[in-house]
Amino acid sequence: MEKKRTYNNKQVEKKWQERWLKGKIYSPNLSVPDKKFYNLYMFPYPSAEGLHAGHAFSSTGSDVYGRFQRMVGWNVFQPIGYDSFGIHSENYAIKVGETPQTMLKRTTNHYERQFKSLGHGYDWTRTVTTSDVDYYRWTQWLFVEMFKSDLAYRKKVEVNFCPSCKTVLADEQVMTPAQAMKEPKNFDGSPVAEPDNARICERCGTVVEKRDLEQWLFRITDYADRLLANLAKIDWPAKIKLAQKNWIGRKEGIEIKYPILNSQFSIAVWTSRPDTNFGATFIVISPEHPDALKLTNSDHRKEIEDYIKVSKNISKYQRIAEGREKTGAFTGSYAVNQLNGYKMPIFIADFVLMDVGTGAVVGVPGHDIRDFQFARKFKIEIKRVVIGTDGDESEIAEEAQVQEEEGKMVNSEFLNGLDIHRATVKMMDYLEDRGWGKRTTSYHLRDWLISRQRYWGPPIPMIYCEFCAKREISYFTKHKPLITNHHDDWSSFGWFPEENLPVELPVIQDYKPEGTGRGPLANHPEFYRTKCPHCGGEARRETDVSDTFLDSSWYFLRYPSVGLDVSHSESSDLRTSWPDRSLSSALQRHQTQITNHQSLPWSQEVTRNWLPVDLYFGGAEHSVLHLMYARFVTMVLKDLGYLSFEEPFPTFYAHGLLIKDGAKMSKSRGNVINPDHYIEKFGADALRLYLMFLGPMDAKSDFRDSGIEGMRKFLNRLWETFVNLPRTKHESVEVLSKLHKTVKKLTKDISEFKYNTSIAAIMELVNSIRNAGRVSGATLNVLALLVAPFAPHLAEEVWVEVLNKKYSVHKATWPSYDEKYLSTDSVLVAVQVNGKLRGQVAVKLDKAADESYVVALAKSDQKISNWLAKGKIKKQIYVPSKILNFVI
RNA sequence: GCCGGGGUGGCGGAAUCGGUAUACGCGCAGGACUUAAAAUCCUGUGGUCGAAUAGACCUUAUGGGUUCGAGUCCCAUCCCCGGCACCA
């Protein structure tokens, strides 16, 4: 009797992990551009001691795909790194009472050990850590390029400020409690007034405040149209594209100027619905509107001033909260609707926001719910100018009668009878012809706020010289902007980029934020004191650091070039990749410099061969943050001539969320899963299989401890199958057929990320083999390959040790669907179900048998009887459809 | 409110083109092995009625429709999840 070998998962997994690393199995030669597959997993930010189960879930999903691609013949490059700069890591360092440097040294080691213990096929010779000076000098370089392109500028802006994190947040980082999945809390501990409408810090859940601060911004809005248009070209989940589309929020409209009665002034409003303008009966402007007081009559001054004062103390988010009673105050002046001479009273009301449109709204109460509510309250005339689909022509007295969507124009002179969409176009033409309005497009997207008043980030590499500022000298005095030319809409005087990068982040002890509106570096003269690059006089470095999302906006460009000495010139010519449109001379000079080059953050050759990313695998929570910023940065780099493509991730797959026992994992629930525990107890293969078996990759998956036991059992049975099941030369028909089907199913399912059904199919196959009680070596070969993406350690062990192969299973070729098992007969059968004739089935066996049976639709049993009588049906048998394929 | 995606056993979830609904796994029940337990293996397992491993009826959120045939297609209703939202 053969001696039973039992499966020691711990020993096997450790052995192969070491061998893979030593043999550099997963470190491809990137100078081979053929059949390249850049498989990218969204790198984690270290804000805890190590990985949580969500990382294990999503990274395994990415790894399975990478391993599969490798087996079907692609040269797969699968890197990993750490998004270690930024607020998440800094907050964690503060929490554990360490410097970020100390904390990261420990935790990134832990992350690395965990990633390795999961058995992922990462290229450990090419990793990226965004807080390494080798990396962030290039993040700073990117900032400088932005500045030189005139895409970076300073502006005093009303910013979101988190009093707990003591920093400014981008709009995208401010969320509702539901979005952030956090309980809202006030900084001072007081109860949150309207928790559902609160806007909180994405990171800590504190209700954000509004502050006016001078900040650096990137002109992402200049790229709004391109970001929108390109969505059609990329293969991303529809919901992510939709989120980006909504976030960009492009709307065609028109800016209309209304003269003010008895005054030389006019008021500009923006509207997307000029068609209803004959029904306009009032104007509302925002309390922050610069002309608010100018438009106010002396006898209304007191009232208006009081109103503005009160509205200042209400947060923006409360102001626009739905269902809130309208408030407002009359300025005493009127604007004239030149279409019909109507005198429209001008009000100030807080529901109008200064940063939307022109900060002024024309009120059409008959056809806008919000305007209707306002008109009701202030007893303003309500005119009907549209008859909706309900045909109602009566006076509009109820909110339900307010028709916003569809209809035909009435009471609108030259528009009468037109459908509202055609009327809109006609009205725009009319207004433009007379010079009363101008078509403009409005966007929801705002410029990207880059500055952070924090310590743990790349110092913004800019220098401010007061002396030069006074003399109105700046970088742009000598240099032309490379891309756009906005520098005259902000004062760039005194600002110069640091050419000698990196600007190193000093190691300081007092790195915690103070909430003063300035970063901790502002307390360190040894950092900020410097010389002006222009006049050589005393100057001051910028002490803000850049947003974390700048670090992660380009990391995928870095990976393939890690370890290459790219600071020497590569004689490659980028000219072919230059944009066709006419270039400014400044940009042309710049591109000549690139070609001749100087240093770059990446090798041009490797980048040309390996980018863009072939599959980007990550979470949907970055829909409008990282995924938008990375696209923007890539477009800019393309325009500057550094890259030949403008979409970094042509294919993106968004994985779902991992929950535990039906609830979201959280520390307060005490249901956070540490993958280490499960790897220790069940092994990495069991954990991988279980995580992938839970459910569809893109849905919420529910982790239950009892389930993983089953996977361990399955792995043992699998091992038994390889080692102890009696061998045979002739495989049974059942097993062959099943094997056949499984190969086919997996090939399709894995490429569509249907991992759970893939694993189920493998289990079925194994059950079928074990029921047969014997197995052929050929079948085992195929089985090992099928299992390999999911349970790489076990697959490797049986491949090399049991099946005596000389090379790694991951270098083996994925099995193909072999047609030779198929018969060439063809029969036409009638199917009986439960003794009743249920239809005629033509079963063709000449080609792929198990997919090509065709159900011929018989209109009735009578018809089948007829067919039978006429001999059209050659054979009538009872066929349980489950075994239909075998009967064939 | 608008725009997406869903609703299938005790649970996670399967089901190409409309063709025996509930694959695979968990759980549960019974059995084998064992002094016993664990582990392992075998059998059963949608519901109701039924002594039944006889048989019948019902069953994919609810109600209707198309079809020889509907989880799947169409209409209506209810519920859940995600995105957007006084955006002019």
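We name chains A, B, ... by the order of the sequence lines, and we start the count at 1 in each one. The structure displayed is predicted, hence computed values, not measured ones.
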| query | Between A:M711 and A:L242, which is nearer to the 5' end of RNA chain B once each is assigned its nearest nucleotide? | reply | A:L242

| query | Salt-bridged, A:E252 to A:R439, with N to O below 4.0 Å? | reply | no

| query | Can you check B:C17 for me, syn or anti if syn means within 90° of 0? | reply | syn

| request: Name the pairing partner of B:A21, where a pair is Watson-Crick or G-U wobble with both distances under 3.5 Å, or state none. | output: none

| field | B:U77 - base-pair partner by Watson-Crick or wobble geometry, distances under 3.5 Å | value | B:A61

| task | Could you give the distance separating B:A52 and B:G65 at their C1' atoms, to the nearest angstrom? | result | 40 Å

| field | Rounded interatomic separation in angstrom, taking CD from A:Q373 and C1' from B:A85 | value | 14 Å

| message | Please check: side-chain N/O of A:H289 versus main-chain N/O of A:A360, any donor-acceptor pairing under 3.5 Å? | response | no

| Rounded distance in Å - CD1 (A:I240) to P (B:G83) | 10 Å

| request: In whole angstrom, give the distance that lies between atom CZ of A:R717 and atom C1' of B:C24. | output: 11 Å

| What is the pairing partner of B:A36, taking Watson-Crick or G-U wobble pairs with both distances under 3.5 Å in any strand? | none

| What is the distance, rounded to the nearest whole Å, between atom OH of A:Y690 and atom C1' of B:G25? | 9 Å

| field | Test item: side-chain donor near acceptor, A:W270 and A:S442, under 3.5 Å | value | no

| task | Return the nearest nucleotide to the side chain of A:P696; candidates are B:G25, B:U16, B:A14. | result | B:A14

| said: Which nucleotide wins on minimum distance to the side chain of A:K713, given the candidates B:A23, B:C26, B:G83? | reply: B:C26

| query | Between B:C26, B:G83, B:C24, which nucleotide gets closest to the side-chain atoms of A:A760? | reply | B:C24

| Short side-chain N/O contact from A:R250 to OP1 or OP2 of B:C87, under 4.0 Å | no

| request: Using the P atom as the reference point in each nucleotide, state the distance between B:C75 and B:A23 in Å, no decimals. | output: 31 Å

| note | Looking only at B:G4, B:G27, B:C87, the nucleotide nearest the A:R370 side chain is B:C87

| query | Roughly how many Å is it from CZ in A:F693 to P in B:C11, rounded to a whole number? | reply | 16 Å

| said: Which residue in the set A:V787, A:N767, A:L689 passes side-chain contact (heavy atoms from CB on, under 4.5 Å) when paired with A:I762? | reply: A:V787

| said: Quick one: does any side-chain atom of A:Y653 pair with a main-chain N or O of A:F753 as donor and acceptor, under 3.5 Å? | reply: no

| B:U16: pairing nucleotide in any strand, Watson-Crick or G-U under 3.5 angstrom | none

| message | Does atom NZ (A:K241) have a neighbourhood of more than 12 heavy atoms from anything else shown, all under 6.0 Å? | response | yes

| said: Rounding to an integer number of Å, can you tell me how far A:L694 CG sits from B:G12 P? | reply: 12 Å

| task | Using a 90° cut-off around 0 for syn, call B:G47 syn or anti. | result | anti

| field | Audit row: A:I759, A:M692, side chain to side chain contact (heavy atoms under 4.5 Å, CB included) steps and yes/no | value | CA-CA 8 Å; A:I759 293 169; A:M692 298 301 97; 3.6 Å; yes

| message | Working to the nearest 0.5 angstrom, can you tell me the gap between A:I267 CD1 and A:L295 CG? | response | 5.5 Å

| query | In whole Å, what separates the C1' atom of B:A61 from that of B:U72? | reply | 16 Å

| field | Rounded distance in Å - NZ (A:K239) to C1' (B:C3) | value | 14 Å

| said: Let's test this: given Watson-Crick or G-U wobble pairing with both distances under 3.5 Å, identify the partner of B:U45. | reply: B:G27

| message | Distance check, P atoms only: B:A14 and B:U22, in whole angstrom units. | response | 15 Å

| request: Name the closest nucleotide to the A:F351 side chain, picking from B:C86, B:G83, B:C41. | output: B:C86

| In terms of side-chain heavy atoms of A:N246, which of B:A85, B:U16, B:G83 is nearest? | B:G83

| message | Suppose you measure atom P in B:A76 against the same atom in B:A85; what distance do you get, rounded to whole Å? | response | 28 Å

| note | When both distances are under 3.5 Å in a Watson-Crick or G-U wobble arrangement, the nucleotide paired with B:A54 is none

| request: By nearest nucleotide on RNA chain B, pick out whichever of A:D749 and A:E709 is the more 5' one. | output: A:D749

| note | B:C2 -> Watson-Crick or G-U wobble partner, both distances under 3.5 Å, gives B:G83

| said: With rounding to the closest Å, how many angstrom separate the C1' atoms on B:G9 and B:G83? | reply: 32 Å

| said: If the cut-off is 4.0 Å, is A:N716 near the phosphate of B:A39, judged by side-chain N/O to OP1 or OP2? | reply: no

| Pairwise C1' distance for B:U53 and B:U45, with rounding to whole Å | 14 Å

| said: Please report the distance separating the C1' of B:A15 from the corresponding atom of B:A39, rounded so that it comes out in whole Å. | reply: 34 Å

| message | Strictly below 4.0 Å: does A:N756 bring a side-chain N or O up to OP1 or OP2 of B:A14? | response | yes

| Nearest-Å distance for atom pair CG/P, residues A:N767 and B:C42 | 9 Å

| message | Side chain of A:R770 only, heavy atoms from C-beta on: which candidate in B:C41, B:G83, B:C87 is closest? | response | B:C41

